[in-house]
**Q** 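Submitted below is the structure of interest, expressed as structure tokens.
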Amino acid sequence: MKGSGDQGSEPTSSSVAGTDCCGGLGNIDFRQADFCVMTWFLGYVDPLDPGFVAALLTIAFNPLYWNVVARWEHKTRKLSRAFGSPYLACYSLSITILLLNFLRSHCFTQAMLNQPRMESLDTPVAHCLGLMLLGVGVVLVLSSFFALGFTGTFLGDYFGILKEARVIVFPFSVLDNPMYWGSTANYLGWAILHASPTGLLLTVLVALTYMVALLYEEPFTAEIYRQKASGALKRS
């Protein structure tokens with residue numbers, strides 16, 4: 001499927017921050033230490049590389065897209081009216097989300113392949129760790145999907161397709177937001193398998209964007225179900 005990419009060698013000791021470049025441990029100049037760390041970092045990752053920029057943009061855009069569209073639908077119901085059904089509208093959004101996630105994964109992989117590998121990560125132990133993380137990630141994502149169902153996975157709540165009660169079966173019984181953390185584990189495992197510092201950095205960005213998204217999603221979803229409960233009490 002995907003090749004191993006550019007087999008860039010690990011930066012030599014002359015390009016990696018050592019104690020001498022910072023004046024020794026006994027007399028550290030922290031401004032110079034920061035420069036040394038940046039020099040080491042830039043030996044592996046070029047943040048101006050077009051592939052890296054594309055990966056960064058897709059990582060940031062995807063959660064923004066589905067939150068903006070889903071909230072707009074919740075407020076206006078225009079997608080449901082356009083498709084004649086909230087289910088068809090939800091399915092249409094799910095298709096675009098899946099395509100964007102495929103694009104994000106493609107850009108993530110290309111960014112890794114275009115930049116150097118870290119030889120110290122290219123070991124049997126790291127390879128096993130990467131496979132384990134991929135396995136955990138796949139289990140979390142698939143079990144979340146089966147627990148939530150299709151519309152539950154793809155923001156059906158925002159389309160008025162509400163569940164009777166909160167989902168508490170595995171993996172929600174052991175972890176909050178397992179879909180997001182499973183996806184993050186997949187990216188982390190993929191980065192480790194490729195011995196890619198670029199992949200590790202992008203995985204951190206994936207996790208951060210999910211954390212920011214949850215700050216907006218969780219209160220909004222809770223409010224949707226609070227309104228549902230209030231309506232049920234009034235009718236009773």
Side-chain angles (χ1 to χ4, degrees), residues 1-2 54-70 87 89-113 126-159 161-163 165-196 198-218 220-222 224-225:
M1 292 173 66
K2 297 181 178 67
L56 180 61
L57 290 176
T58 56
I59 288 169
F61 177 75
N62 285 16
L64 176 65
Y65 166 78
W66 68 61
N67 272 285
V68 168
V69 173
Y87 287 90
C90 183
Y91 297 152
S92 69
L93 177 62
S94 71
I95 291 172
T96 61
I97 291 174
L98 288 171
L99 290 174
L100 284 171
N101 284 344
F102 177 82
L103 177 62
R104 178 180 61 180
S105 297
H106 173 75
C107 291
F108 184 101
T109 301
Q110 291 305 308
M112 289 195 303
L113 297 181
H127 188 82
C128 290
L129 177 61
L131 289 176
M132 289 175 58
L133 285 168
L134 280 174
V136 169
V138 168
V139 168
L140 289 176
V141 170
L142 291 181
S143 59
S144 298
F145 178 81
F146 288 120
L148 291 172
F150 193 91
T151 57
T153 299
F154 292 102
L155 302 167
D157 317 59
Y158 292 67
F159 292 81
I161 308 169
L162 304 180
K163 293 189 171 296
R166 181 181 178 184
V167 177
I168 57 174
V169 298
F170 180 84
F172 294 90
S173 58
V174 297
L175 183 68
D176 289 334
N177 309 298
M179 181 74 73
Y180 282 172
W181 301 125
S183 175
T184 302
N186 283 333
Y187 282 116
L188 179 58
W190 194 235
I192 292 175
L193 282 176
H194 285 79
S196 173
T198 298
L200 295 177
L201 175 59
L202 290 174
T203 300
V204 171
L205 297 176
V206 168
L208 289 176
T209 57
Y210 281 154
M211 292 171 67
V212 171
L214 287 171
L215 293 177
Y216 292 91
E217 289 179 14
E218 290 192 325
F220 197 80
T221 303
I224 291 174
Y225 280 92

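All values below were derived from every heavy atom in this structure, side-chain atoms included, with hydrogens, water molecules and symmetry-related copies excluded.
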**Q** Hey, could you give me the CD1/CG distance between Ile192 and Leu134, rounded to the nearest 0.5 Å?
**A**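 Going from the CD1 atom of Ile192 to the CG atom of Leu134 covers 9.0 Å.
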
**Q** Where do Leu200 and Ala191 come nearest, in terms of heavy atoms and distance?
**A**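 It is N-CB, 3.6 Å.
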
**Q** Give me each pair satisfying side chain to side chain donor-acceptor pair (under 3.5 Å) with a member in residues 92-104, each pair once, sequence neighbours excluded.
**A**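 Matches after skipping sequence neighbours: Asn62-Asn101, Tyr65-Thr96, Asn101-Arg104, Arg104-Tyr187, Arg104-Tyr210.
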
**Q** For the atom pair CE (Met179) and OG (Ser143), what is the distance rounded to the nearest 0.5 Å?
**A**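 It comes to 8.0 Å.
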
**Q** First locate atom CD1 of Ile59, then atom CG of Leu64, and finally report the distance between them rounded to the nearest 0.5 Å.
**A**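 Here the rounded value is 14.0 Å.
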
**Q** Can you say whether the rings of Tyr158 and Phe220 are parallel (under 30°), tilted (30 to 60°) or perpendicular (over 60°)?
**A**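 Geometry flag for Phe220 against Tyr158: parallel rings.
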
**Q** If you look at every heavy atom in Leu56 and Leu202, which pair is closest and at what distance?
**A**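 Shortest heavy-atom separation between Leu56 and Leu202 comes out as N-CD2, 4.5 Å.
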
**Q** Determine, step by step, whether Ile161 and Phe154 satisfy the side chain to side chain contact (heavy atoms under 4.5 Å, CB included) criterion, reporting the C-alpha distance in whole Å, the side-chain angles of both residues, the deciding distance to 0.1 Å, and the verdict.
**A** CA-CA 11 Å; Ile161 308 169; Phe154 292 102; over 6 Å; no

**Q** Where is the tightest heavy-atom contact between Leu133 and Gly189, given as atom of each residue plus distance?
**A**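 That would be CB-CA, 3.8 Å.
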
**Q** Please find the pair of heavy atoms, one from Thr203 and one from Thr184, that lie closest to each other, and give the distance.
**A**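 Taking Thr203 first and Thr184 second, the nearest heavy atoms are CG2-O, 3.8 Å.
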
**Q** If you measure from CG on Asn177 to CG on Leu175, what distance do you get to the nearest 0.5 Å?
**A**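 Asn177 CG to Leu175 CG: 7.5 Å, rounded to 0.5 Å.
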
**Q** If you round to the nearest 0.5 Å, how far is CG of Leu188 from CG of Leu129?
**A**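 Those atoms lie 7.0 Å apart.
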
**Q** Closest approach of His194 and Leu113, non-hydrogen atoms and distance?
**A**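 Looking at all heavy atoms of both residues, the closest pair is CD2-CD2, 3.7 Å.
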
**Q** Quick one: do Phe108 and Thr58 satisfy side chain to side chain contact (heavy atoms under 4.5 Å, CB included)? Show the steps, please.
**A** CA-CA 9 Å; Phe108 184 101; Thr58 56; over 6 Å; no

**Q** I want to check something: taking the side chain as every heavy atom from C-beta on, are Phe170 and Val139 in contact at a cut-off of under 4.5 Å?
**A**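 Heavy-atom side-chain distance check passes, below 4.5 Å.
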
**Q** My understanding is that only residues two or more places apart in sequence, or in another chain, count here; which of them pass side-chain hydrogen bond (donor to acceptor under 3.5 Å, both in side chains) with Tyr225?
**A**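 Applying side-chain hydrogen bond (donor to acceptor under 3.5 Å, both in side chains) to Tyr225 gives Asp157.
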
**Q** To the nearest 0.5 angstrom, please state how far the CG atom of Leu214 sits from the CG atom of Asp176.
**A**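 Nearest 0.5 Å value for the CG-CG distance: 9.0 Å.
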
**Q** Fit a plane to each ring of His106 and Phe102, take the angle between them on a 0 to 90° scale, and name the class: parallel (under 30°), tilted (30 to 60°) or perpendicular (over 60°).
**A**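 Rings of His106 and Phe102: parallel, under 30°.
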
**Q** Could you check whether any side-chain N or O of Ser144 sits under 3.5 Å from a backbone N or O of Leu140, counting only pairs where one atom can act as donor and the other as acceptor?
**A**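 Such a contact is found between Ser144 side chain and Leu140 backbone.
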
**Q** If you look at every heavy atom in Ser183 and Val141, which pair is closest and at what distance?
**A**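 Nearest heavy atoms, Ser183 then Val141: N-CG2, 3.7 Å.
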
**Q** Should the heavy atoms of other residues, nucleotides or ligands under 6.0 Å from CD1 of Ile168 be counted, would the total exceed 12?
**A**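 Atom CD1 in Ile168 is not crowded, with 12 or fewer foreign heavy atoms closer than 6.0 Å.
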
**Q** Answer whether the closest heavy-atom distance between the side chains of Thr153 and Phe150 falls below 4.5 Å.
**A**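 Contact flag for Thr153/Phe150 side chains = no.
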
**Q** Set out, in order, the CA-CA distance, both residues' side-chain angles and the distance that settles side chain to side chain contact (heavy atoms under 4.5 Å, CB included) for Tyr180 and Val206, then state yes or no.
**A** CA-CA 9 Å; Tyr180 282 172; Val206 168; over 6 Å; no

